[in-house]
A.B. asks: 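Structure incoming, see below.
Keep in mind that what you see is a predicted model, and the values were worked out from it rather than measured.
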Amino acid sequence: MPNNLSVRESGRLQATIQTQIPPTARRHVWLDVLRGVAVLAVLFEHLLDPLFPEVRAAVSPWFDFGQYGVMVFFLISGYVVPASLERRGSVAGFWVGRLFRLYPLWIVAAVLGTVFGLVQVYSALPGQLGERPVVAGLAHLTMLQDFLQVVSVVNVFWTLSYEMVFYLLVTAIFVLWPRRAGATGTLTVAMAGVLLGGALPAGALSHALGGDIVVVGVTAVLAAGLAGIVLGGRRVRLCGAAALAVLAIVLLAVNSRIGAWQSLAIVATMFAGTALYRLDQGQLLWRRTGPIVALVPVVCVAAAIWFGPGWSMADQQAQAFRWGWSAAVVGAWLTFGIGRLLRSVALPRFLVRLGLISYSVYLLHPLVVQVLRRLVPYPDQVSLPGRIAWSVVLLGVVVGCSALGYRFVERPAQELGRRLARSAARKERAPGDPYTQQQQKVSRTAPWRVVRERLGRPGPY
């Protein structure tokens, strides 16, 4: 962007760009297709036990469809989330947008999941949730319940804990290093953490201090850190960012449910997605950063083979985990790479649409699967054509419910969130504030021609 633009003019130009490009036009279609593929993989994984136990027995020891799907989602989040924060140039605007993106439908799914457990549509509400409802509810509200040793009321909620930890780390990096931290250094640290994570105990913090204390403490640090970043002066912002970074790292390292190496592998994968975005935008050089990015899946697979699962398993199960998880990671990276290569190709509209409503599909399908398991308790007594027919019916019900969820919950909440995020961004700091000027420099790193081109072509959001 030209140097003769003032900070105020720069901010106005950025706002003009975002308002002139409709939200749907700013989306990368290939990312929606990948979301559609990912959510279908997760749905298929959850259909194996109720409908296709033969596939489970034959294929699952070698390939984990669910893990494959969520790793694709994690790569996508890494690709778009940090760029979204930098594009906004506002921590407050970013968090308002994220909260309205995630929580409205999440609340619907959480309430339905609780009701389903209480009436035992398929299984009873986990004892931990019934015995400690306040603590369990508080842990869920942070979306960090998987790092707080609290079982999720809907099984797929566990991945949102990793999304939240990633948001905390991205926010901390944005505040502590306004000019953008080096991707190579971040990935190197993350991969080192993966290789060291096998020596770190799972759930150690909760076991040592007590689950309730950890839930309350983490909630307090989370609230104080975010409040400091959004509302405080420069020093308070830096302290809040440091608190969030320490919180995220401690949870990843010593209080993960699945083991530190696997949790750190997920986060490393997300930051690799960020590096891929920067490479695609010309912000990094392939010859310098490309080899580091390529090492991430190698390190993740090596850690899986070396360390195995983070909990006790029989030898045969542990071996199946190693192969299934490793194959899923490789498959997710190959899928993401193929998607990037096909960015300019016309892609199936069904997958594009499915990707658009994929968050609804992801959160709501476990509830529909519970109903299916109640209706079809013994899959071996149903013929193969019958089970295929049940699959088609379930897919139709899931897509229908998800379309309604997107139309009446997700989309209105996102539109409201965008308006509130713009308002929060304007109020976060006065234009002349030195901190704001330093943050806005991030949005001016791209050449002016790139900004001009974005007025006439879709972007990544």
Side-chain angles (χ1 to χ4, degrees), residues 18 23 26-28 30-32 34-35 38-39 69-103 105-106 142-144 159-178 180-183 186-187 190 222 225-226 229-230 241 244-245 247-249 252 263-281 283-284 293 296 332 336 339-340 355-356 358-359 362 410 413-414 417-418 421 424-425 439 442-443 445-446 458-461:
Q18 296 307 320
R26 294 199 299 269
R27 301 183 69 90
H28 267 329
W30 68 278
L31 290 176
D32 281 330
L34 290 183
R35 291 186 182 99
V39 81
V70 298
M71 291 302 280
V72 173
F73 277 127
F74 288 142
L75 279 166
I76 294 171
S77 291
Y79 194 87
V80 303
V81 168
S84 176
L85 173 55
E86 292 170 7
R87 172 176 59 87
R88 293 181 187 276
S90 162
V91 173
F94 169 76
W95 276 96
V96 168
R98 286 289 94 189
L99 293 179
F100 277 86
R101 172 72 177 91
L102 296 180
Y103 272 95
L105 189 71
W106 177 90
T142 66
M143 284 196 183
L144 293 170
T159 60
L160 298 180
S161 294
Y162 288 87
E163 293 281 343
M164 188 60 67
V165 163
F166 185 64
Y167 298 164
L168 297 179
L169 291 172
V170 167
T171 300
I173 291 172
F174 180 80
V175 174
L176 295 173
W177 292 280
R180 191 184 300 135
T186 303
L187 288 178
L222 177 65
L226 288 175
I229 289 176
V230 173
L244 294 184
L247 175 65
I249 292 171
L252 284 166
S263 296
L264 290 164
I266 290 173
V267 173
T269 300
M270 298 174 89
F271 276 113
T274 304
L276 286 172
Y277 171 79
R278 303 207 190 290
L279 288 167
D280 286 345
Q281 297 299 307
Q283 298 170 359
L284 298 173
V293 174
V296 173
F336 195 83
R340 290 177 63 252
L356 188 63
S358 59
Y359 184 58
Y362 186 76
E410 276 198 82
Q414 289 178 33
R418 278 192 287 268
Q439 293 286 13
V442 174
S443 66
T445 55
Y461 314 107

A.B. asks: Hey, does Tyr277 have a side-chain heavy atom less than 4.5 Å from the side chain of Val80?
C.D. replies: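 Not touching, per the 4.5 Å side-chain cut-off.
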A.B. asks: Please find the pair of heavy atoms, one from Ala92 and one from Val230, that lie closest to each other, and give the distance.
C.D. replies: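 Looking at all heavy atoms of both residues, the shortest contact is CB-CG1, 3.7 Å.
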A.B. asks: CD1 of Ile229 to OG1 of Thr171: how many Å apart, nearest 0.5 Å?
C.D. replies: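 The OG1 atom of Thr171 is 6.0 Å from CD1 of Ile229, to the nearest 0.5 Å.
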A.B. asks: I need the single residue from Phe73, Phe271, Phe74 that forms a ring pair (Phe, Tyr, Trp, His ring centres under 6.0 Å) with Phe166. Which is it?
C.D. replies: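 Option passing the ring pair (Phe, Tyr, Trp, His ring centres under 6.0 Å) with Phe166: Phe271.
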A.B. asks: Grab the two heavy atoms, one from Leu102 and one from Tyr359, that are nearest each other, plus how far apart they are.
C.D. replies: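 That would be O-OH, 2.8 Å.
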A.B. asks: Apply side chain to side chain contact (heavy atoms under 4.5 Å, CB included) to residues Ser84 and Arg87 and explain how you reach the verdict.
C.D. replies: CA-CA 5 Å; Ser84 176; Arg87 172 176 59 87; 3.6 Å; yes
A.B. asks: Working to the nearest 0.5 Å, report the span between OG of Ser161 and CD1 of Ile266.
C.D. replies: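 Rounded to the nearest 0.5 Å, the OG-CD1 separation comes to 10.0 Å.
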A.B. asks: In sequence, state the C-alpha distance, the side-chain angles, and the governing distance for Arg98 and Tyr103, and then conclude on side chain to side chain contact (heavy atoms under 4.5 Å, CB included).
C.D. replies: CA-CA 8 Å; Arg98 286 289 94 189; Tyr103 272 95; over 6 Å; no
A.B. asks: To the nearest 0.5 Å, how far apart are CZ in Phe174 and CG in Leu169?
C.D. replies: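 So the gap between those two atoms works out to 15.0 Å.
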A.B. asks: Could you check whether any side-chain N or O of Thr274 sits under 3.5 Å from a backbone N or O of Gly78, counting only pairs where one atom can act as donor and the other as acceptor?
C.D. replies: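 At least one qualifying donor-acceptor pair exists.
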A.B. asks: Does Tyr79 form a side chain to side chain contact (heavy atoms under 4.5 Å, CB included) with Leu31? I'd like the steps, not just the answer.
C.D. replies: CA-CA 9 Å; Tyr79 194 87; Leu31 290 176; 4.1 Å; yes
A.B. asks: Between the side chains of Glu163 and Arg101, is the shortest nitrogen-to-carboxylate-oxygen separation below 4.0 Å, so that they form an ion pair?
C.D. replies: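 Salt bridge between Arg101 and Glu163, a charged N being under 4.0 Å from a carboxylate O: no.
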A.B. asks: Measuring from atom CG of Leu144 to atom CG of Leu168, what distance do you get when rounded to the nearest 0.5 angstrom?
C.D. replies: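 Between atom CG of Leu144 and atom CG of Leu168 there are 6.5 Å.
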A.B. asks: When you check the side-chain N and O atoms of Tyr362 and Thr159, is any donor under 3.5 Å from an acceptor?
C.D. replies: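 Present: a donor and an acceptor within the cut-off.
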A.B. asks: Using modelled atom types and a 3.5 Å cut-off, is there a donor and acceptor pairing between side-chain atoms of Ser358 and backbone atoms of Gly355?
C.D. replies: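 Pair found, side chain donor or acceptor close to backbone of Gly355.
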A.B. asks: Please report the interatomic distance CZ(Arg340) to CG(Leu276), rounded to the nearest 0.5 Å.
C.D. replies: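 The CG atom of Leu276 is 5.5 Å from CZ of Arg340, to the nearest 0.5 Å.
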A.B. asks: Locate the shortest heavy-atom distance separating Ala248 from Val165; write the atom from each residue and the value.
C.D. replies: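 Shortest heavy-atom separation between Ala248 and Val165 comes out as CB-CG1, 4.0 Å.
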A.B. asks: Taking all non-hydrogen atoms of both residues, which atom of Gly93 and which atom of Ala421 are closest, and how far apart?
C.D. replies: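 Here Gly93 and Ala421 meet closest at O-CB, 3.2 Å.
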A.B. asks: Can you give me the closest heavy-atom contact between Ala332 and Leu75, atom names plus distance?
C.D. replies: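 In terms of heavy atoms, the two residues are closest at O-CD1, 3.9 Å.
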A.B. asks: Checking side chain to side chain contact (heavy atoms under 4.5 Å, CB included) for the pair Trp95/Tyr167: CA distance, chi angles, key distance, verdict?
C.D. replies: CA-CA 9 Å; Trp95 276 96; Tyr167 298 164; 3.7 Å; yes
A.B. asks: Heavy atoms only: give me the nearest Pro82-Arg278 pair and the separation to one decimal.
C.D. replies: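 So the two residues come closest at CB-NH2, 4.3 Å.
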A.B. asks: Nearest 0.5 angstrom please: Leu222 CG to Thr142 OG1, how far?
C.D. replies: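 Taking CG in Leu222 and OG1 in Thr142, the distance rounds to 6.5 Å.
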